[in-house]
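Please read the structure below before turning to the comments.
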Amino acid sequence: MTDTSPLILWFRRDLRLGDHPALTEACAAGRPVIPVFIHDQVVAGQGAAPRFRLGLSVAALRDSLKGKSSGLTLRKGDALEVLRALVKETGATAVWWSRLYDPDAKARDTAVKAALKGDGIDARSFAGHLLFEPWDVETKTGGFYKVYTPMWKAVRDTDIRATLPVPGKIPAPDTWPASDNLDDWRMGADMRRGHDVVLSHCTMGEAAATSRLGAFIAHRVADYATARDLPGVDGTSGLSENLTYGEISPHACWHAGQRALHDGKGEAEVFLKELVWREFAYHLVHHTPRIVSGNWKEDWDAFPWNTDARRKEVQAWQQGRTGIRFVDAAMRELQVTGRMHNRGRMIVASYLTKHLMTDWKIGLDWFAEQLIDWDPASNAMGWQWAAGSGPDAAPYFRVFNPVTQLEKFDKGGAYGKAWLAEEYAKPSGTALQFYDAIPLQWNMSPDDAYPDPIVSAEDGRKAALDAYEKRGF
DNA sequence: CTAGACTTATG
DNA sequence: ATAAGTCTA
């Protein structure tokens with residue numbers, strides 16, 4: 001007798017219908033599929049902006065499931081308790097999901113899987129978030145890669161499975177379990193900045209992500225290698241906010257990049273390399289989970305970071321009023337859009353950790369609160385890379401000069417103009433949006449005089465290099 | 001064991 | 001020109 005009991009599909013960071021291995025297999029099982037999203041302890045532990053953006057993504061998934069005559073059941077609470085309740089209510093005998101790799105998600109999923117299996121449930125995790133499972137990529141000596149380039153060389157010619165189509169039909173159960181109302185969750189309502197402003201810069205959902213990838217491949221990938229480095233130019237893919245919630249799969253991005261490469265767009269290889277940076281970050285977080293919370297190189301624990309997150313230099317950094325134009329422009333871009341150009345991320349991280357001698361965890365926490373494209377692995381790797389405590393060789397070259405960097409990468413001044421309002425006769429619209437996005441207490445106005453540097457590029461560099469020399473390890 | 005390499009840099 | 005150090009083959 002064939003099994004016709006329902007199957008629960010637990011969505012987390014895989015909020016799409018296309019190229020979704022767990023969903024594809026569930027639909028092929030010939031049983032009713034009950035898609036579920038749980039506002040659980042891991043979701044609740046995320047920053048306000050990531051939760052805000054997640055809410056938009058969940059809404060988009062709910063709508064596309066409805067369009068397939070399916071639906072999305074929303075529940076709030078401890079993941080295991082919710083799943084057990086749903087199993088009981090629906091008679092489901094299976095709970096499937098796409099695997100995650102960061103410590104919070106792994107701890108939850110390991111416990112959930114063990115408990116459900118103990119209940120006799122077919123609890124199963126599928127690949128889908130990554131091109132390469134972290135345990136499938138090894139150095140010749142049997143370890144995981146701690147340097148990016150050798151990993152890239154090891155994986156670049158690997159055959160990546162083809163993408164899977166959106167299932168033609170998602171079998172529905174006879175009766176749907178009760179669902180919370182998404183609006184009642186007020187996801188990210190605690191975000192201390194202008195929601196409308198941030199929303200106007202979001203591009204959410206699977207359909208939008210797919211067209212964004214298409215537009216990038218059609219118009220921008222050919223100049224990607226150079227244009228992606230210029231913060232004042234729209235030269236990046238912008239896909240980070242979609243990848244982080246799985247609105248598009250890395251496989252779809254990979255194959256689109258490969259096709260561009262074969263069509264003679266040689267710079268597409270740089271895009272493929274960026275996708276592998278994302279893989280690298282996840283492999284690191286899987287093999288060394290402490291990367292999200294402590295110095296990856298443990299001898300950096302002895303380094304005298306300033307750990308006071310409330311001091312005025314840190315506030316100036318957060319509020320985009322350090323008096324260093326590149327730093328302030330980038331921090332304001334973050335406040336307004338919930339994202340930041342990658343060169344900006346490197347510059348503000350270098351300034352916070354070197355010139356201001358501040359513990360990178362303070363920067364990581366601020367990003368985790370502010371970014372709509374927050375990713376647990378990339379954020380941790382990026383901050384530790386910038387700070388010098390991370391898994392990369394020769395960090396001593398990494399004291400960026402934020403003044404010469406702006407001269408070099410923003411020659412026409414477009415980036416400064418886009419995000420700084422003071423001392424421009426006619427500030428740009430985005431620079432003015434900043435003042436609608438900030439909390440009142442910041443007490444900033446476009447009519448303010450632009451501040452003098454709190455720490456100059458030269459003094460900060462010297463202080464950082466002196467501290468490295470004295471560090472005694 | 002040792003040579004060669006190491007994302008985005010600085011002066 | 002440089003290299004305060006570490007990883008990979």
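Values below: every heavy atom of this structure, side chains too, minus hydrogens, waters and symmetry copies.
Of the residues in residues 227-242 of chain A, those lying under 4.0 Å from DNA chain B by heavy-atom distance are A:Arg228, A:Asp229. Within residues 340-353 of chain A, the residues having any heavy atom closer than 4.0 Å to DNA chain B are, in order of number, A:Asn342, A:Arg343, A:Met346.
Rounded to whole Å, the distance from NZ on A:Lys153 to P on B:dG4 is 14 Å. In this structure, the CG atom of A:Asp299 is 10 Å from the C1' atom of C:dG5, given to the nearest Å. In this structure, A:His355 atom NE2 and B:dA9 atom P are separated by 14 Å, rounded to whole Å. Rounding to whole angstrom units, CZ of residue A:Arg461 and C1' of B:dT10 are separated by 5 Å. Going from atom NE2 of A:His287 over to atom C1' of C:dC7 covers 16 Å, rounded to whole Å. Across the protein-nucleic acid pair, A:Phe326 atom CZ and B:dT10 atom P stand 11 Å apart, rounded to whole Å. One interatomic measurement links the two molecules: NZ of A:Lys146 to P of C:dT6, which rounds to 13 Å at whole-angstrom precision. Distance, A:Glu407 CD to B:dG11 C1': 13 Å, rounded to whole Å.
Scanning for ring-ring contact (aromatic ring centres under 6.0 Å, His included) contacts around A:Tyr245 gives an empty result, with sequence neighbours left out. Every ring-ring contact (aromatic ring centres under 6.0 Å, His included) that A:Phe144 has, sequence neighbours left out, goes to A:His287. Partners of A:Asp109 according to the side-chain hydrogen bond (donor to acceptor under 3.5 Å, both in side chains) rule, which considers only residues two or more places apart in sequence or in another chain, are A:Arg12. Residues forming a side-chain hydrogen bond (donor to acceptor under 3.5 Å, both in side chains) with A:Glu274 (at least two apart in sequence, or on another chain): A:Arg228.
Checking C:dA4, B:dT8, C:dT8 against the side-chain heavy atoms of A:Trp385 singles out B:dT8 as nearest. Checked against B:dT10, C:dA4, B:dC6, the side chain of A:Val147 finds its nearest nucleotide in B:dC6.
Put simply, A:Gln405 has no side-chain N or O that comes within less than 4.0 Å of OP1 or OP2 on B:dT8. Taking 4.0 angstrom as the limit, A:Tyr145 places a side-chain polar atom (N or O) nearer than this to OP1 or OP2 of C:dA9. The shortest distance between the side-chain N/O atoms of A:Asn401 and the OP1/OP2 oxygens of B:dA9 is not below 4.0 Å.
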Side-chain donor-acceptor pairs of residues 433-441 of chain A under 3.5 Å, sequence neighbours excluded:
residue: A:Gln433; atom: OE1; partner: A:His201; partner atom: NE2; Å: 2.8

Which pairs would a plain distance check flag for residues 376-384 of chain A, meaning a side-chain donor or acceptor within less than 3.5 Å of a matching protein atom at least two apart in sequence or in another chain?
residue: A:Asn379; atom: ND2; partner: A:Leu364; partner atom: O; Å: 3.3
residue: A:Gln384; atom: OE1; partner: A:Trp296; partner atom: N; Å: 2.9
residue: A:Gln384; atom: OE1; partner: A:Ser389; partner atom: OG; Å: 2.7
residue: A:Gln384; atom: NE2; partner: A:Ile291; partner atom: O; Å: 2.8
residue: A:Gln384; atom: NE2; partner: A:Gly294; partner atom: O; Å: 2.8

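A salt bridge (charged side-chain N to carboxylate O under 4.0 Å, His left out) check over residues 381-390 of chain A, counting only residues at least two apart or in different chains, returns nothing. Annotation: salt bridge (charged side-chain N to carboxylate O under 4.0 Å, His left out) contacts involving residues 45-64 of chain A, sequence neighbours excluded, comprise A:Arg51-A:Asp190, A:Arg53-A:Glu241, A:Arg53-A:Glu247. Applying the salt bridge (charged side-chain N to carboxylate O under 4.0 Å, His left out) definition to pairs two or more places apart or across chains, none involves residues 147-157 of chain A.
A gap of 15 Å separates the C1' atoms of C:dA3 and C:dC7, to the nearest Å.
At a threshold of 4.0 Å, the pair A:Asp466-A:Lys462 counts as salt-bridged, since one of the basic side-chain nitrogens sits closer than that to a carboxylate oxygen. With salt bridges taken as basic N to acidic carboxylate O contacts below 4.0 Å, one links A:Arg345 and A:Asp373.
Residues A:Leu275 and A:Leu243 are in side-chain contact: their nearest non-hydrogen atoms beyond the backbone lie under 4.5 Å apart.
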*Can you give the dot-bracket line for DNA chain B, using ( ) for pairs inside the strand, [ ] for pairs that cross earlier ones, | for pairs with another strand and . for unpaired bases, where Watson-Crick and G-U count if both distances are under 3.5 Å?*
.|||||..||.

